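Okay, structure first, notes after.
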Protein chains: 2
Amino acid sequence: MTLNNYKNEDKVLLAVDCIIFGFDKEELKILLIKRNFEPEKGKWSLIGGFLKKEENLDEAAIRILHHLTGLNNIYMEQLYAFSKVDRDPAERTISVAYYALIDIASHDDDLIRIDSAQWFSLKNAPKLIFDHHRMVERAIARLQRRALGKPIGFELLPEKFTMRQLQKLYEAILDKKLDKRNFINKFNSLDILVKLDEKDMSMSRKGAYLFQFDEEKYRSKVEEGFSFKL
Amino acid sequence: MTLNNYKNEDKVLLAVDCIIFGFDKEELKILLIKRNFEPEKGKWSLIGGFLKKEENLDEAAIRILHHLTGLNNIYMEQLYAFSKVDRDPAERTISVAYYALIDIASHDDDLIRIDSAQWFSLKNAPKLIFDHHRMVERAIARLQRRALGKPIGFELLPEKFTMRQLQKLYEAILDKKLDKRNFINKFNSLDILVKLDEKDMSMSRKGAYLFQFDEEKYRSKVEEGFSFKL
DNA sequence: TCAAAAGTGTTCTGTTTACACCCATGG
DNA sequence: CCATGGGTGTAAACAGAACACTTTTGA
């Protein structure tokens with residue numbers, strides 16, 4: 001018959017860490033910053049900060065990302081709460097990780113001024129503080145499952161892109177080579193792309209047709225999900 | 001050039017709420033308790049409590065479940081952190097939801113003494129406090145995705161069960177009728193069941209063969225996942 | 001003898017995979 | 001004129017969906 005007015009319960013620091021995935025035509029990258037406070041000052045870290053009383057976690061993630069990088073209007077999704085007792089040696093902290101996908105090229109301007117933030121390809125990212133590497137691992141796993149269950153790409157690609165870029169994106173996420181024809185057929189059958197008359201001439205002499213997402217159809221496919229075997 | 005020693009950051013109460021799914025041969029149910037403290041005393045609620053400084057979230061979930069229901073050795077999985085600013089009117093609280101699957105029959109003895117805990121079928125569960133209904137919704141969605149991506153059932157069924165029980169479990173989770181022959185064929189092709197010589201005579205005159213999971217094969221299928229379209 | 005649940009295979013259809021050649025162009 | 005990347009279709013294998021009748025036995 002407890003009378004619980006919450007007064008005797010422990011309170012903790014609640015951190016939010018962001019795994020920001022970017023794609024730059026060839027490779028999947030993550031955005032890291034050099035930490036400028038103790039502990040672990042000077043080491044590479046995910047972008048992170050603390051939840052404030054007057055905001056929810058989604059808002060905190062957006063605020064923190066914006067504050068540290070200048071990035072705006074980034075859609076983020078909650079990943080997992082990490083809570084090992086000694087994960088942060090300085091103080092008991094629980095961290096809720098968020099992940100996001102962005103097109104590196106179209107956000108470079110925002111980022112270029114932030115000298116402590118830097119893109120690293122997944123393969124040769126530096127060692128990270130605390131349990132941040134586990135966050136990244138889990139984010140990659142989630143991204144892969146995600147890529148097979150919904151179309152992604154709207155967030156990671158520029159507005160206009162070639163089929164080859166789209167395929168490279170999937171190859172980067174899934175970390176395997178895909179068959180060109182099967183990929184195109186599959187994607188076309190989803191009926192979410194619009195072929196433009198324009199060509200991208202930067203990659204070949206022949207040029208490659210540019211595509212755009214049909215935003216409405218894309219959104220509805222994202223809603224309903226689908227099964228994408230590759 | 002912030003010098004951040006964490007001292008100025010807000011601390012919050014971190015709750016853990018548990019969505020306990022049970023299965024009793026026909027229906028999917030959830031375990032609720034009548035809340036015995038303010039606010040919302042006397043209302044139905046998920047099983048919940050607060051994280052303590054010296055434990056991680058998984059441990060807290062196990063402790064809370066055990067403390068309120070007597071249930072032991074229940075495997076739980078983290079679902080999502082709910083953080084709307086005014087979700088708990090009494091105080092700013094973030095709640096990390098966990099969900100679990102258990103076989104009702106084999107845990108009835110533990111539970112029978114706890115008069116404030118009760119099983120409700122999903123369809124006619126009572127109104128819940130705070131945002132607990134959203135937690136349940138999300139847990140159901142997760143459970144459904146889960147059921148299609150990994151074999152489940154080990155947790156929700158008694159050790160020996162009939163094919164019909166297994167099928168009913170999947171029907172309850174996915175909330176749709178499945179074809180008997182296709183279901184059996186599919187499950188057999190996974191090669192994780194052992195057919196016993198025993199029959200269950202309680203459901204029919206003819207009797208139905210009992211099966212067991214081959215624990216080793218089951219575990220490895222759980223690891224790797226699979227794609228189960230039904 | 002019949003009601004109630006158990007058990008069992010085949011066909012059809014759609015999806016996934018594997019695979020190779022010509023095209024357009026700038027240098 | 002040729003090197004480079006772009007574009008295209010088909011056949012074979014596999015997985016999923018639909019479907020109906022026989023068996024057992026306790027009452």
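Keep in mind the model is a prediction, meaning the values are calculated, not measured. Convention: sequence-line order gives letters A, B, ...; per-chain numbering from 1.
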Checklist line | Pair A:E171 + A:K176: basic N to acidic O under 4.0 Å | finding: no

Checklist line | Spacing between B:M203 atom CE and D:dT23 atom C1', to the nearest angstrom | finding: 19 Å

Next item on the list: Identify the two heavy atoms, one from A:I152 and one from A:Y170, that lie closest to each other, and give their separation to 0.1 Å.
Entry: N-OH, 3.3 Å

Note to self: When you compare the side chains of B:T162 and B:D200, does any donor N or O come within less than 3.5 Å of an acceptor on the partner?
What the structure shows: no

Next item on the list: Confirm from the modelled atom types if B:K206 and D:dT25 form a donor-acceptor pair under 3.5 Å, side chain to base only.
Entry: no

Item checked: Cationic N near anionic O, under 4.0 Å, A:D24 to A:K168 -> no

Next item on the list: Take atom CE of A:M201 and atom P of C:dA24, then tell me their distance rounded to the nearest Å.
Entry: 12 Å

Note to self: Base of C:dA20, side chain of A:R181 - is there a donor-acceptor contact under 3.5 Å?
What the structure shows: yes

Checklist line | Integer-rounded Å distance: D:dA18 C1' and B:K176 NZ | finding: 14 Å

Notebook entry, point to check: Whole Å only: how far is the CZ atom of A:R205 from the P atom of C:dG26?
Noted result: 9 Å

Check: Hey, does A:K180 reach any base, or is it just sugar-phosphate, or nothing, if we go heavy atoms under 4.0 Å?
Finding: base

Notebook entry, point to check: Rounded to the Å, how far apart are A:F187 CZ and D:dT8 P?
Noted result: 17 Å

Check: Nearest-Å distance, CG (B:N185) to C1' (D:dC19)?
Finding: 13 Å

Notebook entry, point to check: Given D:dG6, is OP1 or OP2 found less than 4.0 Å from the side-chain N or O atoms of A:R164?
Noted result: yes

Next item on the list: Nearest whole angstrom, please: distance from the C1' of D:dG9 to the CG of A:N188.
Entry: 13 Å

Next item on the list: Using whole Å, report how far CG of B:L178 lies from P of D:dG16.
Entry: 13 Å

Notebook entry, point to check: So what does B:K195 touch, heavy atoms closer than 4.0 Å: a base, only the sugar-phosphate, or nothing?
Noted result: sugar-phosphate

Item checked: First of A:G207 and A:N182 reached from the 5' end of DNA chain D, by closest nucleotide -> A:G207

Notebook entry, point to check: Under a 4.5 Å cut-off applied to non-hydrogen side-chain atoms, are A:L156 and A:I173 in contact?
Noted result: yes

Check: Considering only side-chain heavy atoms of B:K186, which listed nucleotide, D:dG16, D:dG7, C:dT8, is closest?
Finding: D:dG16

Next item on the list: Using the closest heavy atom to pick a nucleotide of DNA chain C for each, name whichever of A:D179 or B:D179 lands nearer the 5' end.
Entry: B:D179

